[in-house]
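See structure below.
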Amino acid sequence: MRIQAPRGTRDLLPDELRIWHVVEERARELFRLHGYAEIRTPLLEATELFVRGIGEGTDLVSKEMYTFTDRGGRSLTLRPEGTASVVRAYLEHRLESGPQPVKVYYLGPMFRYERPQAGRYRQFHQLGAEVLGTQDPAADAETILIPYDLYQSLGLQGLDLRLNSIGCPNCRPRYREALLDYLRPRVERLCPSHQRNWEANPLRVLDCKSEACRAATAEAPETTAFLCEVCADHFAAVRRYLERLQVPYRVDSRLVRGLDYYTKTVFEITAESLGAQDAVAGGGRYDGLVQELGGPSVPAVGFASGLDRVILTLQRQGTDLGQARPPEVFVAAAGQGVQEAARILAFRLRRAGIAAATEYGDRSLKAQMKVAGRTGAQWVVVVGEAEWAQGQVVLREMATGAQQIVDAGQLIATLTRSREAATDGAPRR
Ligand code: HAM
């Protein structure tokens, strides 16, 4: 039996990765424009980090973590998300004592033991950002605007941005009471698991995907009706930014998100054609998390976007992003005596920044010309024994078939000149 990739994981092959690179490069550029720098944290963390950070009662922590004991007896977990790790790194490196806010982004694999289906994997990739050290609603708006603008620039269709505010430790208890009062007479109508633990964290019931809980909470009290003045003002400011920046959104008073660390702003972005797994991004403010993880009181906000889902959506919507770029030149050897010379020439062209393909092995010139045609190279350089003896090669333009004899020493200059002539006037990419 052949060994296969573990269930819920997959290989990303070169053809597919071209579109990933387009998305990643666009994202890096957007982060640069907004003043974010990259951070890389380990794929493994102490299990405790996620239990304390994300919350023991969440599905993520109670059902979906890859946790194991290492050979030294420590409990480690493959990171299911990036926020808790960023906060740990922020505290570990005392970034709170430097200039604030700290604005970082990350890109990499996350692991969740979920039931795999299209758009849902056990190893998936997130692109995310965190802003630590500011309460300013402009930071909330920024973490919504970045994924929104990224998707717009990629041409992602059918975007739907849902926004809510779930308050802070001042106003949340009042909401929690109201929600408990609402749920009490409806407990029997909840899903089996929430019939048991609805009281421990009633907000989780609002986030439950089961039909039973959804129906039972259809008329639940709205979080926004219970906000204290500070939270209400903050929410109004976030909304003003989105409106003035023409980012369409709707307030969804049921949106509470599946992680316990959120305060105030929460949001999710979905895209058409993903079906049930349609959230391409989610995020919000988490003003209590730094303290929860042993640091001072530091307000923070961030988002993460599932790259696998963004790319799946683009593919389903028939994007033409990420076309392969052919080599500029194919170097062919006309005869065994010049094979090495042809390959050396290809190496020299590459060193000069010219993408050059050539053949391995021992193939006829005709076969090599066929390969050259398939690669889509604009030029073919034929190294013939007679010309080579004179220090010359034949340069053939594939589109027209026009040929010229060029001094080998002048080849790089000739190709560079023709490339410049071709791109003259065309917008640089
Ligand atoms: P999250 O909503 O759990 O938030 O995940 C963010 C995004 O990751 C989702 O919207 C989805 O696109 C993608 N995602 C999640 N699970 C899977 C999966 N199994 N397969 C494929 N894609 C998936 C967070 O992780 C928070 N850390 C976001 C955040 C950052 N909040 C504040 N800062």
Side-chain angles (χ1 to χ4, degrees), residues 1-32 38 40-41 43 64 66 78-82 105-129 146-160 268-283 303-328 330 350 355-357 360 371-378 429:
M1 253 254 297
R2 295 224 185 132
I3 298 170
Q4 296 192 324
R7 189 166 143 75
T9 73
R10 65 211 173 108
D11 302 305
L12 297 171
L13 300 179
D15 262 354
E16 184 172 0
L17 276 176
R18 277 199 297 274
I19 177 167
W20 283 71
H21 292 156
V22 173
V23 176
E24 289 170 8
E25 276 159 29
R26 293 256 172 107
R28 285 185 197 278
E29 176 60 8
L30 265 177
F31 284 130
R32 188 187 68 78
E38 188 179 357
R40 297 190 190 183
T41 60
L43 302 195
E64 295 170 5
Y66 278 93
L78 287 175
R79 63 178 188 191
E81 59 111 46
Y105 77 87
Y106 49 88
L107 229 157
M110 308 288 163
F111 305 84
R112 296 184 190 179
Y113 194 82
E114 291 192 85
R115 200 169 49 77
Q117 60 184 73
R120 194 207 277 153
Y121 309 97
R122 289 181 173 169
Q123 176 176 332
F124 60 97
H125 303 78
Q126 273 187 355
L127 165 141
I146 292 173
Y148 183 82
D149 279 0
L150 174 66
Y151 304 154
Q152 288 285 95
S153 93
L154 294 167
L156 213 65
Q157 278 151 32
L159 293 180
D160 182 26
E268 245 167 50
I269 303 177
T270 55
E272 216 171 76
S273 78
L274 260 179
Q277 299 306 317
D278 58 357
V280 285
F303 82 92
S305 172
L307 277 178
D308 308 74
R309 287 187 192 170
V310 171
I311 284 149
L312 184 65
T313 313
L314 286 170
Q315 287 167 336
R316 285 190 179 166
Q317 293 176 353
T319 182
D320 63 351
L321 292 170
Q323 296 296 332
R325 279 170 63 183
E328 289 164 89
F330 187 94
R350 295 164 187 158
Y360 301 114
V371 176
R374 264 208 311 272
T375 63
Q378 190 188 349
R429 299 208 319 131

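Both backbone and side-chain heavy atoms feed into the values below; hydrogens, waters and symmetry mates do not.
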Please assess E328 against Q378 for the test side-chain contact (heavy atoms from CB on, under 4.5 Å), listing each intermediate value before the final yes or no. CA-CA 5 Å; E328 289 164 89; Q378 190 188 349; 5.6 Å; no
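For Q157 against Q317, the heavy-atom pair with the smallest separation is N-OE1, 2.9 Å. Heavy atoms only, all atoms of each residue included: G82 and Q126 are closest at N-OE1, 3.9 Å. Considering all non-hydrogen atoms of both residues, A271 and T313 come closest at CB-CG2, 3.9 Å. The two residues V280 and S305 have their closest heavy-atom pair at O-OG, 2.8 Å. The heavy-atom pair separating L12 from L17 by the smallest distance is O-CD1, 3.5 Å.
For the pair R316/E272, no side-chain contact is recorded, criterion being any heavy-atom separation below 4.5 Å from C-beta on.
Because its NZ or CZ atom is not both nearer than 6.0 Å to the ring centre of Y106 and within 45° of the ring axis, R40 does not count as a cation-pi partner of that residue.
The aromatic rings of F31 and F303 sit parallel, their planes meeting at an angle under 30°, below the 60° perpendicular limit. Note on ring orientation: taking the six-membered ring where Trp is involved, the planes of W20 and H125 are perpendicular (angle over 60°, cut-offs 30° and 60°).
Taking CG of L43 as the reference point, atom CZ of R79 lies at 5.0 Å (rounded to 0.5 Å).
The pair R32-E29 meets the salt-bridge criterion, with a side-chain N (NZ, NE, NH1 or NH2) lying under 4.0 Å from an Asp/Glu carboxylate O.
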